[in-house]
Amino acid sequence: MDFHSVDNNSTRRIAALKQRVDMMKEHDYYFYNQAVTEMLPNAKVRVNGRVMGMYASYSYLGLVGHPRINEAAKRAVDQYGTGTNGVRTLAGTLTIHNELEETIANFKHTETAITYTSGYVTNLTVISSLMGRGDYVFSDKINHASIVDGCVMSGAEFRRFRHNDMEHLEGLLKNAPADVSKLVIADSVFSMDGDIIDLPKIVELTKKYNAWLMIDEAHSVGVLGKQGTGIEEHFGLGDVIDIKMGTLSKTIPSVGGYIAGKKELIDYLRHGSRAYIFSAALPPAQAAAANEAFKVILDEPERIDRLNANTQQFIGGLKGMGFDTLLTETAIVPVLCGTDEKAFELTKRCQEEDVFVLPVVSPAVQEGMSRLRATVTAAHEPSDIEQAMEVIYQAGKAIGMVK
Ligand SMILES: *Cc1c(COP(=O)(O)O)cnc(C)c1O
């Protein structure tokens, strides 16, 4: 098809996006898809030939490149090669997959666990195989896109409650028919705002209204709790989440997603979720890396202490300079800018000074809530964080965001 000669909705969509990207490039506001050529110690990277402080990483405990994890991946390649014999259900399952699932179940204190090849796909396939027409799903308004897509794909009645608003959630639960299956789902730590879901209250509500609870721990594993095991540990609650979802691509330096829970639930997913049945198994190196990473988190708790100290320093420092960091309590630190233009300009000035941060603009966040989303990790040096904050401060001052 010649995109230039046909005029329909699809070609218009492509043209509109191209125009937006071209505009950004024209103003030097295009920051996406920049290649890192080298990963350096202390959360630094080489980009465009320059060494920059990485303040946009999800590697919260700085585990990318950890010797034990690299070694485990290499051993798996030697033992199994780089691929598998297909999908898990048929010929694709390797011992390392079973080991990984056992490790996750131990880490999350559940009976068992199942893994998929991405976190995104985990949410799609799990929500849509548990819920269907006539059922009700209740989702926080700023939940991750993969949750939204999974809810839509399920065909269930889709109810969105105001962000972390438990009264609103209760109202919606009350209005749903008593005899339908209900699923309440939320991020543990919200990926754009860095704040934490009110777990005690949401547990109470799901019990009261006989609903399942699914929590996405993409940003809480390795981050929340003294041992880094996640949101239940953070609130001092036991095993209160029915469906514990997480990714293997953030603190865990691999790729993939998992669900930890009761044996009955996981057995159902092993035979009833399409991404498990119709998509190839995790590559051995990635499974082995993930398996080792969960153990490293437990063996090296000082990383969590360092992450917490760095987070306090970063949030406290930026607030003290006059920035609005919303309600974050974690390593994801939004710096509210308002307009897209301000977020782009702040990012540009920071990157020019070798602080690698990225803007988040609409439609990823609500209009008027555009921001820089910065992150810190356990790998950052406090003196580097101090310097990065000074760069952000000078840039913010130059464009009238702070005094
Ligand atoms: C990143 C993320 C995912 C998707 O995980 P991938 O492993 O990158 O596919 C799902 N949920 C949340 C909240 C995330 O932040």
Side-chain angles (χ1 to χ4, degrees), residues 32-33 56-61 63-64 69 100-101 104 108 113-128 130 137-154 160 163-164 183-197 199 202 213-224 230-231 234 241 243-260 269 273-276 279-283 285-287 289-291 293-294 328-334 358 360 363-365 371 373-377:
Y32 306 116
N33 300 304
S57 173
Y58 297 136
S59 184
Y60 298 116
L61 294 181
L63 296 181
V64 176
I69 299 170
L100 169 61
E101 286 164 356
I104 293 170
K108 295 305 300 174
I114 183 172
T115 52
Y116 299 90
T117 45
S118 92
Y120 179 83
V121 146
T122 303
N123 278 333
L124 280 196
T125 202
V126 170
I127 299 168
S128 65
L130 288 173
V137 287
F138 304 85
S139 168
D140 188 288
K141 260 210 169 120
I142 65 166
N143 272 348
H144 191 262
S146 56
I147 296 175
V148 176
D149 293 357
C151 292
V152 171
M153 191 172 154
S154 75
R160 304 201 311 160
H163 176 48
N164 220 349
L183 172 69
V184 174
I185 177 162
D187 287 15
S188 50
V189 169
F190 288 88
S191 58
M192 298 293 160
D193 288 38
D195 55 342
I196 302 170
I197 190 76
L199 187 68
I202 214 169
L213 177 59
M214 175 166 174
I215 297 287
D216 177 336
E217 297 220 64
H219 299 283
S220 53
V221 163
V223 174
L224 293 186
I231 190 158
H234 173 78
I241 300 167
I243 306 162
K244 304 180 203 202
M245 183 273 169
T247 68
L248 305 176
S249 60
K250 285 168 177 143
T251 293
I252 305 296
S254 182
V255 74
Y258 69 82
I259 299 289
L269 294 174
S273 59
R274 293 162 79 86
Y276 189 82
S279 187
L282 270 178
Q286 297 319 120
N291 183 50
F294 282 102
T328 184
E329 298 176 56
T330 66
I332 299 170
V333 184
L358 287 170
V360 180
V365 289
R371 67 196 64 177
R373 182 181 46 168
T375 57
V376 275
T377 73

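Atoms within each ligand, like the ligands themselves, are counted from 1 in listed order.
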Glu329 side chain to Ile196 backbone, donor-acceptor under 3.5 Å: no
Proximal ligand 1 atoms for Ser146, defined as those under 4.0 Å from one of its heavy atoms: 10 (C), 11 (N)
Residue and atom name of the nearest protein heavy atom (relative to atom 4 (C) of ligand 1), distance in Å to one decimal: Tyr120 N, 3.5 Å
Flag side-chain contact, heavy atom, 4.5 Å: Asn143 against Arg160: no
Between OG on residue Ser139 and CD1 on residue Ile185, distance to nearest 0.5 Å: 6.5 Å
Any N/O pair Met245/ligand 1 closer than 3.5 Å: no
Polar atom proximity, Thr247 to ligand 1 (N or O, under 3.5 Å): no
Nearest atoms (heavy-atom pairs only) where Val255 meets Leu282: O-CD2, 3.4 Å
Taking atom 1 (C) of ligand 1 as the reference point, the nearest protein heavy atom with its distance: Lys250 NZ, 1.3 Å
Protein residue, atom and distance nearest to atom 8 (O) of ligand 1, heavy-atom basis: Ser249 OG, 3.3 Å
Closest approach of any protein heavy atom to atom 13 (C) of ligand 1, naming residue and atom: Asp216 OD2, 3.3 Å
Atoms in ligand 1 with a heavy atom of His219 nearer than 4.0 Å: 14 (C), 15 (O)
Tyr58-Thr247 side chain donor-acceptor pair, cut-off 3.5 Å: no
Gly256 neighbourhood, listing ligand 1 atoms whose heavy-atom distance to it stays under 4.0 Å: 7 (O)
Atoms of ligand 1, numbered as shown, that sit under 4.0 Å from any heavy atom of Asp187: 13 (C)
Any donor-acceptor N or O pair under 3.5 Å, side chains His163, Asp193: no
Within-4.5 Å side-chain heavy-atom neighbours: Thr115 and Tyr276: no
